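Here's the structure, in structure tokens; my notes come after.
Below, all heavy atoms of this structure are taken into account, side chains as well, without hydrogens, waters or symmetry copies. Predicted model only: the values in this text are computed from it and were never measured.
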Amino acid sequence: NLNTEKLTCNQQALTSMSSESMLVANCKNVTVKVSDEVAAGYNATKVSGGGSDQIQDDDATPQDIHYTKISFTADNNQKLRCYFKNGSLQRCKKLKNKLVSSQAK
């Protein structure tokens, strides 16, 4: 629960109301992955390309669902990943910090 964790990015508190743009603008090591789910019956057509079938949505409607996954590092060096649906924060989870071996071969 972000409201009880007291996490910050650039000293901006992370809460359940935090926006995608706030995380991108204030957090460290940000990576963003975006995907869309085309609503059935809204002019979605399959087209070939890139060696696989892809769905091309040439009629972007409000019924399409936009998912965003943002991974970042908070001020306390805690790694997190937050999930948004249509711009609304759904949940965040802590990621395990990977140990860096100084003896990597």
Side-chain angles (χ1 to χ4, degrees):
N1 185 341
L2 286 178
N3 292 327
T4 60
E5 289 287 329
K6 307 292 185 212
L7 295 167
T8 60
C9 280
N10 200 20
Q11 299 171 9
Q12 299 288 317
L14 300 178
T15 69
S16 60
M17 300 302 291
S18 293
S19 67
E20 297 172 37
S21 59
M22 180 273 194
L23 296 180
V24 171
N26 293 295
C27 298
K28 300 179 283 187
N29 305 318
V30 176
T31 59
V32 179
K33 293 187 179 178
V34 178
S35 62
D36 294 327
E37 184 175 302
V38 178
Y42 284 96
N43 201 13
T45 58
K46 283 197 166 207
V47 296
S48 294
S52 65
D53 285 336
Q54 300 173 353
I55 293 180
Q56 179 179 5
D57 181 18
D58 59 2
D59 183 21
T61 64
Q63 287 81 15
D64 289 354
I65 301 170
H66 305 281
Y67 295 102
T68 306
K69 178 170 55 173
I70 301 177
S71 301
F72 61 94
T73 305
D75 288 344
N76 66 352
N77 289 323
Q78 174 64 55
K79 294 182 187 294
L80 296 129
R81 182 173 294 139
C82 292
Y83 300 86
F84 292 83
K85 179 179 177 183
N86 290 334
S88 176
L89 180 62
Q90 300 298 303
R91 66 184 174 100
C92 290
K93 70 177 187 177
K94 291 182 180 179
L95 303 175
K96 292 183 181 178
N97 290 330
K98 294 180 182 177
L99 296 176
V100 177
S101 173
S102 60
Q103 298 179 345
K105 294 183 182 181

Note to self: If hydrophobic clusters are built from ILVMFWY residues whose side chains come within less than 4.5 Å, do V30 and L7 share one?
What the structure shows: yes

Notebook entry, point to check: Are V24 and Y83 linked, directly or through other ILVMFWY residues, by side chains that come within less than 4.5 angstrom of each other?
Noted result: no

Next item on the list: May I ask you to decide if C82's main-chain N or O and Q90's side chain share a donor-acceptor pair within less than 3.5 Å?
Entry: no

Check: Can any side-chain N or O of N76 pair as donor or acceptor with the backbone N or O of Q78 at less than 3.5 Å?
Finding: yes

Next item on the list: State which residues pass side chain to side chain donor-acceptor pair (under 3.5 Å) with R81; sequence neighbours excluded, sorted by chain then number.
Entry: S71

Checklist line | T73: side chain to side chain donor-acceptor pair (under 3.5 Å) partners, not counting sequence neighbours | finding: N29

Next item on the list: May I have all residue pairs that pass salt bridge (charged side-chain N to carboxylate O under 4.0 Å, His left out) and include part of residues 82-94, sequence neighbours excluded?
Entry: E5-K94

Check: Less than 4.5 Å apart, any side-chain heavy atom of D36 and any of D64?
Finding: no

Checklist line | Note, L23 side chain near L14 side chain (heavy atom, < 4.5 Å) | finding: yes

Any chance you could measure [X], atom [atom1], to [Y], atom [atom2], to the nearest 0.5 Å?
X: L95; Y: L80; atom1: CG; atom2: CG; answer: 6.5 Å
X: S88; Y: E20; atom1: OG; atom2: CD; answer: 9.5 Å
X: L89; Y: S19; atom1: CG; atom2: OG; answer: 9.5 Å
X: D75; Y: K6; atom1: CG; atom2: NZ; answer: 15.0 Å
X: N26; Y: T8; atom1: CG; atom2: OG1; answer: 9.5 Å

Note to self: Can you give me the closest heavy-atom contact between S18 and F84, atom names plus distance?
What the structure shows: O-CE2, 3.5 Å

